[in-house]
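Following: one structure in structure tokens, then a few remarks.
So you know, we letter chains A, B, ... as the sequences are listed, proteins then strands, and number each from 1.
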There are 2 protein chains.
Amino acid sequence: MRLMVARCTVDYEGRLQAHLPEAVRLIMIKADGCVAIHADGGAYKPLNWMNAPNTVTEEEGRWLITNPKGESLNVEIHEILSDTKWEMGIDPGLRKDGVEAHLQELLAADPTTLGEELSLVRREFPTDIGPVDLLCRNADGTAVAIEVKRRGEIDGVEQLLRYLERMERDPALRGIQGILAAQSVKPQARVFAESRGIRWVEIDYDSLRGIERAQMSLFD
Amino acid sequence: MRLMVARCTVDYEGRLQAHLPEAVRLIMIKADGCVAIHADGGAYKPLNWMNAPNTVTEEEGRWLITNPKGESLNVEIHEILSDTKWEMGIDPGLRKDGVEAHLQELLAADPTTLGEELSLVRREFPTDIGPVDLLCRNADGTAVAIEVKRRGEIDGVEQLLRYLERMERDPALRGIQGILAAQSVKPQARVFAESRGIRWVEIDYDSLRGIERAQMSLFD
DNA sequence: AGGTGTATGTCGCAT
DNA sequence: ATGCGACGTACACCT
């Protein structure tokens with residue numbers, strides 16, 4: 001990784017055009033050729049950048065970075081304050097323990113937490129446009145498709161509608177209903193869901209996890 | 001801006017849990033307290049980060065960053081290879097050109113560039129599921145809703161369809177038509193739009209800007 | 001503060 | 001490659 005602190009101006013042209021007036025900034029070049037121009041503020045996002053794959057051309061007082069998509073980044077270096085290089089090797093990488101998959105898991109373990117008499121048929125039930133998170137049946141035996149989201153937004157309703165449309169064609173699933181389950185459901189998603197006959201449920205992740213813990217403890 | 005190159009391990013706990021095994025990385029601390037941990041690859045996104053507002057506590061061989069939302073980042077420093085600090089001042093900031101807002105502005109100034117006799121009723125016309133970019137009327141007085149995108153994809157068509165469905169309920173807008181306007185419209189979006197009776201138009205940003213310049217020059 | 005839409009979103013996984 | 005969904009999305013803008 002090369003780190004250069006320099007007074008510079010930058011122009012990007014590609015998906016849009018952007019210009020940075022002269023100022024002191026950090027220019028970071030990673031081993032894979034990625035370039036990022038950072039100011040001393042503004043979260044982790046750089047002011048300008050160019051991701052791999054790209055071509056970095058270094059000239060006197062000027063760097064030109066281009067990529068195969070026709071984007072370009074032109075960095076004019078007016079004064080170099082520091083220029084260092086570091087060997088870091090391949091990073092062992094990040095271990096994540098996510099929430100979404102866990103939510104689906106918890107609801108699969110006990111669909112009745114959605115407030116209805118539901119029994120699980122299967123998780124990730126396949127349709128020809130992708131798997132629906134949970135397929136259940138209610139007390140009447142009616143199929144119920146459940147889309148699980150951390151946050152319930154309009155996209156989630158659209159996604160569920162597409163699944164329902166497909167699943168309705170299956171005689172075994174005829175009359176299928178839909179539920180959007182999320183930790184929070186946005187107002188516009190509520191309006192839209194209701195207008196299409198889809199129910200929505202807000203689920204409390206912490207208490208759900210609490211239930212799981214309580215159930216787990218039975219086996220201790 | 002402080003730049004530290006160090007062998008470290010990192011743990012984040014907040015919206016999820018994440019762990020970074022020991023390795024050499026760049027730790028960047030900006031003037032506003034933002035912290036970002038970068039590996040030598042992988043685009044501009046850091047492996048871990050904590051944005052302002054936050055609290056940075058530096059101890060011997062350990063940094064603890066917390067924020068008011070209850071998230072925390074714990075950086076264990078095992079070996080420091082470099083530790084420098086730079087004054088950059090306030091960045092003059094980025095000038096962007098060619099984003100959706102600008103496109104919308106240009107089209108609002110002259111909707112006839114879409115190739116029809118259109119007159120603007122208003123920008124950001126509100127519906128109960130969000131604002132539609134432009135509401136116009138054509139030569140017949142028929143309402144026309146226009147969704148402006150930099151890139152026309154299926155999402156944009158769906159968004160427009162939702163708006164149209166809502167707006168159709170308003171007697172004053174009955175018979176409303178839809179146009180998707182974008183610098184480029186993906187084939188899938190074209191097919192989908194046409195199948196739903198929505199027109200699509202590709203707009204040439206440069207020439208649109210040229211028209212604006214020409215019109216501006218009338219007032220010079 | 002909360003809602004809504006945009007982003008040079010980025011990133012990963014499937015087809 | 002392209003499409004699609006998730007993201008600790010971040011971010012601006014408006015109420």
Review item, nucleotides 11-15 of chain C N/O atoms under 3.5 Å of protein N/O:
from: C:dC11; atom 1: OP1; to: B:Gly42; atom 2: O; distance (Å): 3.3

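- Separating the C1' atom of C:dT6 from that of D:dC7 is a span of 15 Å, rounded to the nearest Å.
- Between the side chain of B:Arg190 and the backbone N or O of B:Val185, at least one donor-acceptor pair lies under 3.5 Å.
- B:Arg123 has no side-chain polar atom (N or O) that falls below the 4.0 Å cut-off from OP1 or OP2 of D:dC13.
- If you measure from atom CD of B:Gln104 to atom P of C:dT6, you get 9 Å, rounded to the nearest angstrom.
- Using a 3.5 Å distance cut-off with no hydrogens or angles, the side chains of A:His38 and B:Tyr44 do not pair a donor with an acceptor.
- The CG atom of B:Asp155 sits 12 Å away from the P atom of D:dG3 (whole-angstrom rounding).
- Of the N and O atoms on the side chains of A:Asp133 and A:Tyr163, not one donor lies less than 3.5 Å from an acceptor on the other residue.
- Sorted by first and then second residue, the salt bridge (charged side-chain N to carboxylate O under 4.0 Å, His left out) pairs involving residues 29-46 of chain B (not counting sequence neighbours) form an empty list.
- One distance of note links CG of B:Asp97 with CD of A:Glu13; it measures 9.5 Å at 0.5 Å rounding.
- The CZ atom of A:Arg15 sits 4 Å away from the C1' atom of C:dT8 (whole-angstrom rounding).
- One can place CD of B:Glu158 at 14 Å from P of C:dT6, the figure rounded to the nearest angstrom.
- Between B:Glu153 atom CD and D:dA1 atom P the separation is 17 Å, expressed in whole Å.
- Distance NZ (A:Lys69) to P (D:dT2): 10 Å, rounded to an integer number of Å.
- Distance B:Asp11 CG to D:dG8 P: 16 Å, rounded to the nearest Å.
- Contact annotation: the side chain of B:Leu173 approaches that of B:Leu135 to within less than 4.5 Å [non-hydrogen atoms, C-beta and beyond].
- Judged by distance alone, the side chain of B:Arg166 and the main-chain N or O of B:Asp128 form no donor-acceptor pair under 3.5 Å.
- A distance-only check finds a donor-acceptor pair linking the side chain of B:Asn54 to the backbone of B:Gly33 [under 3.5 Å].
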For nucleotides 2-5 of chain C, list the nitrogen or oxygen atoms of the protein found under 3.5 Å from its nitrogen or oxygen atoms, one pair per line.
from: C:dT4; atom 1: OP1; to: A:Gln188; atom 2: N; distance (Å): 3.4
from: C:dG5; atom 1: OP1; to: B:Ile129; atom 2: O; distance (Å): 3.0
from: C:dG5; atom 1: OP1; to: B:Tyr163; atom 2: OH; distance (Å): 2.9
from: C:dG5; atom 1: OP2; to: A:Gln188; atom 2: OE1; distance (Å): 3.0
from: C:dG5; atom 1: OP2; to: A:Gln188; atom 2: NE2; distance (Å): 2.8

Let me see the working for B:Ile129 and B:Glu165 under side-chain contact (heavy atoms from CB on, under 4.5 Å), right down to the final yes or no.
CA-CA 11 Å; B:Ile129 55 166; B:Glu165 184 193 328; over 6 Å; no
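- As judged by a 4.0 angstrom heavy-atom cut-off over every strand, A:Arg190 is placed among residues making no nucleic acid contact.
- To the nearest whole angstrom, the two C1' atoms, one in C:dC11 and one in C:dA7, are 14 Å apart.
- Atom-to-atom, NZ of B:Lys96 to C1' of C:dT6 comes out at 9 Å; the value is rounded to the nearest Å.
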